[in-house]
Amino acid sequence: MTAPIPRRGPRGPAPRWARLGAQYLIVVLAAAVVNFALPRLAPGDPVDYLAPPESGPVDPAWRQAVLERFDLDGSWPRQFASYLGNLIRGDLGISVIDGRPVAEVVAGRLGWSLLLVGTAVAASTLAGVALGFAAGWRRGSRRDVGILTGVLAVDALPAFFVGLMLLMVFSVRLGWFPVYGAVAPDDLTGWAWMADVGQRLALPAITLTLVGVASVFVVARSAMISELGEDYVFMARAKGLSDRSVRGHARRNAMIPVSTAALLGFSTLVGAATVVETVFSYPGLGSLAFAAVRARDYPVLQAVFLLLSLVAVLANLAADLLYPLFDPRVRRPGAR
Amino acid sequence: MSKSRLLVAAGAATAFLASALAPPATAQSDDEVVVRVGLHAAEKNLNPFIVPQALPITHDFTMLVYDTLFWSQSRLDPEPWLAVGAEPSDDYRTWTVTLRDGVRWHDGEPFAADDVAFTFQYFADDGGPGRYGHHVYDHPVFESATVIDDSTVELTFAEPVATFTLLPGGDLPILPRHVWEGIENPRADAVSLPVGTGPFRMTDYNPGVSYRLEANDDYFLGPPLVDTLIMPVVADAQAAFAGLRTGELDFVTRNLPAPLVGQIEEAEDLAVVRGSRMQSLYLMFNTRKPVLRDPAVRRALSAAIDVQAIVDTVEGGLGRPGNDTWTHPDSPWAHPVGGHRFDPAAAAAMLDEAGYAVGGDGIRRTPDGAPLAFTLLVNAAAPPQIRSGELVAEQLSAVGVDITVEPLDGPAITAARRPGPDGPPAVEMFIAVFESHAHADPEHLFFFFHTPGRGVGGVFSGYANPAFDAVLDQALGEPVETKLPLIRQAQEIFAEEAPAVVLYYPDGRWGYRPEAYDGWISDPGHGVFTKRSFLAPYANGAAAVAAESEPEPADETAETEAPAAAEPEAAESEPTPAADETPAAPPDDTDPGSAGAEPVAPASDGDGLSGGATAAITVAVLAVIGALGYGLARRRSRVGTVED
């Protein structure tokens, strides 16, 4: 799908992949700058965490030593240059909270985040598409209004509230699901471990799904509505095609905007996961970021933010690359 | 995209649900006592050089793994612990400490006098800030240690320290030389599991997620009554108390929020244990700021604050109002009278006299015409601080002082409290919480309020008063009998000068599951989550038996040596703010981690979470939202139609 686009001349536009690549590189760089600056703009620094005022006066030399240890000494430009250099070498620095390499800290959390957010993205996309198409099929019908109302109502609830409600009902009242963690602190193995992981994933994943479903739903519904207004649908109906095959045609075309919405929803859910992970004590990147903010753990924050930016960028890239799958018009050379 | 894909999706969803609904797999043998403790926050690997005090129980948690020479500093007659005795020289500068024989470190190495000598020297050499180290380089300044033999060590200090057995003897964790001597930078490089002599060994630490502690069966006071402590970090207060109710947790280290006390007490399989952690919630003035520098102003502000109303409102009466003499009433160093002077009329008169006349808008003016207004910083993650701050603002506005309560996150407050390179800290006043260490320590007033230059006062309060310093300097290192009257004198100066106002001393109260473990006792100054609760000679007697034989369900006789001032009966009958309705009850005030919402308006319902209230409220909320959404949707679809 990255078939070279014929050049229009010796000084014509660069190939699409090169332009795309350059665009994404710039975005990632900009994200790195923001991720570097944001934690530092907040009042307080890691020294305050390591030596709160209650614990006594901080000797300037000691302070300097701590900052040097975490590569946080000197001016911002120096720190940034050093940060970028280390980043290129794959060195993310040392966590202020843990004293361990950031890469190790983040790696320990990444899997859980992917599991949680991945499940939620898949579930919210499936549910959003199914509900959106069902609602959009007969706009204004009782079913449409009912689904729309329900989805918007759920969307209006803040994530932590949804999480706590689910927790109170399904854990405390019904006792179906555990209330904390990604895996039981006991030594489980094999199927028992898998079952436990699934059980502990359920509530946070459902919460995140509920958070994410509306954005997909709204796009799916309106895409379906607008497809149904197209000439080819009019034609298909005039031809006497069944509802089922009309729906089939409309669906495929409606998937184009939906795929973008679903992939962009990915980054939204990664953000919402911070709250959800904290409510359910889920050991993902979100709860790590939450703890890191409280400790002003710059190296961890930089790494987590960078990772989240990369996720957003990759989701965009995936949307770019998937487009031609759904829309043959994009496949044609020179279409863009 | 059609039937086949939908089928796959449906299949996946079913598989997911099936796995989710599978019965919980529990694996533990019957005769083992396993207690699951929900922690507020993670506390690294209990490295005693980095104690960021994320947890109010950090010291007691640390002391499950480490031991001190004496236990503990919150009583005047500490029990010899790793030591069997300590004899001072005539000038109280040298202490000859005799140690217990046959103690081993968790890794099997023998514990010896060498380790004690090393620990004191190591903390002194480090010299950096920290919860423990300043006790050997700030006061008493450590000089040298001489190992006499394997069980005797002579510790020499640069100044007399008559209360050595309390501090540092009752507070400093003794470290194994063979583990630490190679560590150059203890803050950064000590990242492995801790090795101590304490009743529990830490066998697993999943950073930020959970801890696992196993009984040290060779413990010199006998094997602990609990075999395994599984301690997940449950950062959300609601989730933690939900875990207690579902049986996933057997103890929660958070103070039970007042509205939940009744519920937990009524639950059949849960109980509440009370104890004193000697906590205080206080308001600190920055005495280096122009107006607040004047003791008359601070005295007036203090007199305008109704501490009784604050503890009644914020804690539902489960606490004691603050004393102007700072020190917690349960501390051995408490002022015998204490009390708080609440007299708004006198406060107004004092402010008039100090030159702050009331302006046209009811706000007082400084002599140069600026309004008498202050910003009060509170921790945004601690609802009791926010509510206390709001009450203070209301009470002070009655005497014409304008207070803006500004909730900030922890590090932002810390930054505001840190002195700048060329001036005092930016903060004007703030509310924070102190643990027993700031009340039980024989030198607590010295450490926190002595003029900058000695003690940590320079950073912490900035309060400077030569008369106050003179008394404290005189008291420093004195034997208890001569020290007590001096401390009392200093407390009276403190009350007169009001560099800080204690708003209240919260009661300690914790929810637990007696079936899992019922040995909790209150060790004053430590609460109940502390080593004595796990040791046969001290633990709740009935419980110790229950823990050894089959546990008896629902035994609610957990009342232990709680301080007399706490009145659980009165508290129960009182209408408590109904945090039950919103499931967001206030988390523990000392916890910086959870952002619980404030309880809503008082309601008569006392059943709360366990009853139908949750369901009813949920339905009501959903109905309202649903109705709004329905209207919106209807409107949208109509608009859409018109457009077409």
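Here is the naming used below: chain letters follow the sequence lines, and residue numbers restart at 1 for every chain. It should be emphasised that the depicted structure is a prediction, and the values quoted were computed from it without experimental measurement.
- Ring geometry for Y282(A) versus W112(A): interplanar angle over 60°, hence perpendicular rather than tilted (30 to 60°).
- Contacts of N45(B) with chain A are absent, with no heavy-atom separation under 4.5 Å from either backbone or side chain.
- No option in K44(B), E43(B), E435(B) other than E43(B) meets the side chain to side chain contact (heavy atoms under 4.5 Å, CB included) test with T58(B).
- For the side chain to side chain contact (heavy atoms under 4.5 Å, CB included) with F290(A), the lone residue among L285(A), V304(A), T278(A) that qualifies is T278(A).
- For Y205(B), the part sitting under 4.5 Å from any heavy atom of chain A is the side chain, from C-beta outward, and nothing else.
- Counting heavy-atom pairs closer than 4.5 Å to chain A, the top residue among V209(B), L249(B), I230(B), V234(B) is V234(B).
- For R109(A), the part sitting under 4.5 Å from any heavy atom of chain B is the side chain, from C-beta outward, and nothing else.
- With sequence neighbours left out, Y298(A) forms a ring pair (Phe, Tyr, Trp, His ring centres under 6.0 Å) with no residue at all.
- In this structure, chain A has a heavy atom under 4.5 Å from the backbone of V233(B), while its side chain stays farther away.
- Taking the side chain as every heavy atom from C-beta outward, I413(B) and V427(B) never approach each other to under 4.5 Å.
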